Protein chains: 2
Amino acid sequence: MAKRGSYAKGVAKREEILTRALEVVAEQGFRSASVREIADAVGLSQAGLLHYFGTKEQLFVEILRKRDEVDLVRFTHDPDSPAFIREDYAAVIEHNSEVPGLVELFSRMSVEAADPEHPAHDYFVARGEAVRTTFAEALRHRQEAGELTDAIDAETLARIFQAVSDGLQVQWLLDRDVDMPGAVGALFDALASPPPPRRP
Amino acid sequence: MAKRGSYAKGVAKREEILTRALEVVAEQGFRSASVREIADAVGLSQAGLLHYFGTKEQLFVEILRKRDEVDLVRFTHDPDSPAFIREDYAAVIEHNSEVPGLVELFSRMSVEAADPEHPAHDYFVARGEAVRTTFAEALRHRQEAGELTDAIDAETLARIFQAVSDGLQVQWLLDRDVDMPGAVGALFDALASPPPPRRP
DNA sequence: GTCTATACCTAGATAGAC
DNA sequence: GTCTATCTAGGTATAGAC
């Protein structure tokens, strides 16, 4: 029997809102990032929307979480395959250029969340760690296979790749002609060889 | 004879305000980035400050310009020397970790300025181009000297280094333990060798 | 040139009807 | 659960006195 005040329904509605919000932000950007605009877009009043998410920041973090969730199943294949880091990563970056609003939301919030008191702070810290861990592992495999320089440790390299992709996003927001996948691919290639003998 | 309404004085005062604002933001951060806070800090009323700068955005762009100006004379040595890119760049990054407020201001505004209508848009576009041009030239010299891989062209590499430093700043804002100069140095080292022979 | 005071706006949060 | 209406806060910009 359904619970009193059945709140499975509330959860489902939340998910529905998030999915819709994700589409809207992706397509139309998020302009001034007001709750009201998201509310209009998902077909609710501002108060109606806040009923589900409490505060503005919580709403936006949830949108980013939902994005991660969707991207994860969409883009993650076998982390052990050689294609994982090179191709899947490129695919994510390529995909990002189709969702400028999400890139903007992400970039903006990641700076605002610098303050430890910010409601999104923990999200960004945890996400960063997760990303770097996954990356480092995949990179280490490539190093062990001799396909990637070991002149630099996998953890640092993971951090660098994270920085490159975040930094390129900012450049790209400023100028949509910036070729994000091209730049990342080029870096990857440049690092793809083992270090040379001291003197050939 | 001094001009009527002598405005050399106004310019001097502007400079004075900017210099002071730079110090204040560098040291104390810029919290919520309101005009009032800067005004308090430089010892003017909010209205008094806007008398000099017109709008909030203009004020903030001017602060960033002033920062560039100061850093330029402070950190730029001979662009032809081998130390230029490796050491001077590291010095700038090292210095940045002593001025968190400026890093935050810069990072935040660079995202907000994505909109072509934003008053700081042109500043960021021009600055990015200038940075990359300077970098690319220095990197090309290193390549020609055989000290840096030429598996990747200098322009792309310049873009990547820009992305790395912007991206690391965001990571560092989130977690002050991040070693920015260390990561950049490691990347530089990893790229420091020419590509190896096909099979040793 | 600088201040005080205030107008005005935007936006998030809340109360209460339905 | 959702809306309308309203409250409140905070911030920029401006008017006008000194």
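Heavy-atom basis, side chains included; hydrogens, waters and symmetry copies ignored. Worth saying up front: this structure is predicted, and the values here are computed from it rather than measured. Residue numbering restarts at 1 for every chain, and letters A, B, ... go by the order of the sequence lines.
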Remember a base hit wins even if backbone is also touched, and classify B/S34 as base, sugar-phosphate or nothing at under 4.0 Å, heavy atoms.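 Result for B/S34 = sugar-phosphate.
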Are B/V61 and B/F124 packed together at the side-chain level, in the sense that at least one heavy-atom pair is separated by less than 4.5 angstrom? no
What about A/Y89 and A/F135, are their ring centers closer than 6.0 Å?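 Yes - the distance between ring centres of A/Y89 and A/F135 falls below the 6.0 Å cut-off.
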Are A/F53 and A/F60 near enough that their ring centres are under 6.0 Å apart? no
Same hydrophobic cluster for B/L59 and B/V70, using side-chain heavy-atom links shorter than 4.5 Å among ILVMFWY?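 Linked, B/L59 and B/V70 end up in one cluster.
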[atom1] of [X] versus [atom2] of [N]: gap in Å, rounded?
{"X": "A/H51", "N": "C/dG12", "atom1": "NE2", "atom2": "P", "answer": "18 Å"}
{"X": "B/D40", "N": "D/dG11", "atom1": "CG", "atom2": "P", "answer": "11 Å"}
{"X": "A/L59", "N": "C/dA11", "atom1": "CG", "atom2": "C1'", "answer": "14 Å"}
{"X": "B/K9", "N": "C/dG1", "atom1": "NZ", "atom2": "P", "answer": "8 Å"}
{"X": "B/L49", "N": "D/dT12", "atom1": "CG", "atom2": "P", "answer": "10 Å"}
{"X": "A/K13", "N": "D/dG1", "atom1": "NZ", "atom2": "C1'", "answer": "9 Å"}

What residue among A/D68, A/D166, A/D122, A/D71 forms salt bridge (charged side-chain N to carboxylate O under 4.0 Å, His left out) with A/R127?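 For A/R127, the salt bridge (charged side-chain N to carboxylate O under 4.0 Å, His left out) check succeeds only for A/D68.
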Any salt bridge linking B/D189 with B/R86? Criterion: basic side-chain nitrogen under 4.0 Å from a carboxylate oxygen. yes
Sugar-phosphate means primed atoms, P, OP1 and OP2; the rest is base. With that split, encode nucleotides 13-18 of chain D 5' to 3' as B, S or - using protein heavy atoms under 4.0 Å. BB----
